[in-house]
Amino acid sequence: MRPASDQIWRWLAEVPDPEIPVISVTDLGIVRDVEWQGETLVVTVTPTYSGCPATTAINLDIEAMLRAKGIADLRIERRLAPPWSTDWISTEGRERLRAYGIAPPIDGTAPDGRTIARATRLSGANLTVPCPRCGSASTERISQFGSTPCKAAWRCKDCLEPFDYFKCH
């Protein structure tokens with residue numbers, strides 16, 4: 001008897017992102033669909049960006065998890081359209097990022113920090129990213145490039161701790 005889709009989603013919620021292990025691939029929003037096509041389970045994945053170096057590792061981890069659960073006939077499909085968006089990160093995923101010390105994306109901002117919509121946390125024309133450690137809004141961007149391509153390096157002016165900000169896409 002094959003498992004129901006909701007069971008498969010629960011299993012996939014146990015697969016961590018290889019670059020940020022506190023968030024699962026489902027909380028990250030990159031698993032877009034799970035469906036049975038005949039006897040084949042098809043899992044559709046949208047990478048955070050088309051050149052993401054973790055995509056292969058993610059697909060292998062998904063496959064390993066599902067095979068360990070007894071899924072023999074499996075296909076992982078890559079879907080690039082629509083492109084992944086930080087809007088797809090779950091509320092729980094955002095909280096896990098913050099607790100881990102990574103400032104979650106602020107909706108309505110572009111990857112370079114310019115606003116593309118009316119964001120509530122603006123300081124003049126610049127983005128204000130609250131420190132995930134102490135909550136201070138007195139922060140500054142150190143570099144547009146962080147520990148991975150999807151993050152930028154920031155520093156808190158109050159607690160003096162550096163932190164990553166998960167850039168919006």
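Keep in mind that what you see is a predicted model, and the values were worked out from it rather than measured. This chain uses plain numbering: 1 for the first residue, then up along the sequence. The figures here come from the full heavy-atom set of this structure, side chains too, leaving out hydrogens, waters and symmetry mates.
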Kindly work out whether a path of hydrophobic side-chain contacts (I/L/V/M/F/W/Y, heavy atoms less than 4.5 Å apart) joins Ile30 to Leu74. yes
Contact between Cys150 and Lys167 at the side-chain level, heavy atoms closer than 4.5 Å - yes or no? no
What about Met65 and Ile76, same hydrophobic cluster or not, with Ile/Leu/Val/Met/Phe/Trp/Tyr joined at side-chain heavy-atom distances under 4.5 Å? yes
Here the pair of heavy atoms bringing Gly146 nearest to Asp164 is CA-OD1, 4.1 Å
In the structure I gave you, are the side-chain heavy atoms of Trp11 and Pro3 within less than 4.5 Å of one another anywhere? yes
Should Tyr49 and Leu80 count as side-chain neighbours, where that means a heavy-atom distance under 4.5 Å? no
In this structure, CD1 of Ile106 is separated from CZ of Phe166 (nearest 0.5 Å) by 13.5 Å
Check the hydrophobic clustering (I, L, V, M, F, W, Y; side-chain heavy atoms under 4.5 Å; chains of links allowed) and say if Val34 and Trp36 are grouped together. yes
Can you tell me how far the CG atom of Asp73 sits from the CZ atom of Arg2, to the nearest 0.5 Å? 10.5 Å
When you compare the side chains of Ser136 and Asp158, does any donor N or O come within less than 3.5 Å of an acceptor on the partner? yes
Is a side-chain donor or acceptor of Thr139 paired with a backbone partner of Val129 at a separation under 3.5 angstrom? yes
Looking at CZ of Arg155 and CG of Leu160, how far apart are the two atoms once the value is rounded to the nearest 0.5 Å? 8.0 Å
Contact between Leu66 and Val43 at the side-chain level, heavy atoms closer than 4.5 Å - yes or no? yes
Please tell me if the side chains of Tyr165 and Lys151 come closer than 4.5 Å, counting only heavy atoms from C-beta onward. no
Donor-acceptor pair, side chain of Arg98 and main chain of Cys131, under 3.5 angstrom: no
How many angstroms lie between atom OG1 of Thr56 and atom CG of Asp61, to the nearest 0.5 angstrom? 10.5 Å
Taking the side chain as every heavy atom from C-beta outward, state whether Ile102 and Arg96 have any pair of such atoms under 4.5 Å apart. no
Close side-chain approach of Pro47 and Arg78, heavy atoms under 4.5 Å: yes
Nearest heavy-atom pair of Thr86 and Pro105: which atoms, and what distance? CB-CG, 3.7 Å
Look at the side chain of Thr46 and the backbone N and O of Arg79, then say whether any donor-acceptor pair between them is shorter than 3.5 Å. yes
Calculate, to the nearest 0.5 Å, the distance between atoms CG and CG belonging to Asp17 and Asp27 respectively. 11.0 Å
If you group Ile, Leu, Val, Met, Phe, Trp and Tyr by side-chain heavy-atom gaps below 4.5 Å, do Ile23 and Trp9 land in one group? yes
Please tell me if the side chains of Tyr100 and Pro21 come closer than 4.5 Å, counting only heavy atoms from C-beta onward. yes
In plain terms, say whether Glu77 and Arg75 are close enough for a salt bridge, that is, a side-chain N and a carboxylate O under 4.0 Å apart. yes
For Ala103 and Pro130, the nearest pair of non-hydrogen atoms, with its separation, is CB-O, 3.9 Å
Measure the CG-OG distance between Leu28 and Ser90 for me, rounded to the nearest 0.5 Å. 9.0 Å
Do you reckon Ile71 sits in the same ILVMFWY cluster as Val25, going by side-chain contacts under 4.5 Å, direct or chained? yes
Using the six-membered ring of Trp84, assess whether NZ or CZ of Arg32 lies under 6.0 Å from its centre and within 45 degrees of the ring axis. no
Would you name the heavy atoms of Phe163 and Arg133 that are closest together and state the gap between them? CB-NH1, 3.2 Å
In terms of heavy-atom contacts, does CD of Glu39 have more than 12 from other residues, nucleotides or ligands at under 6.0 Å? no
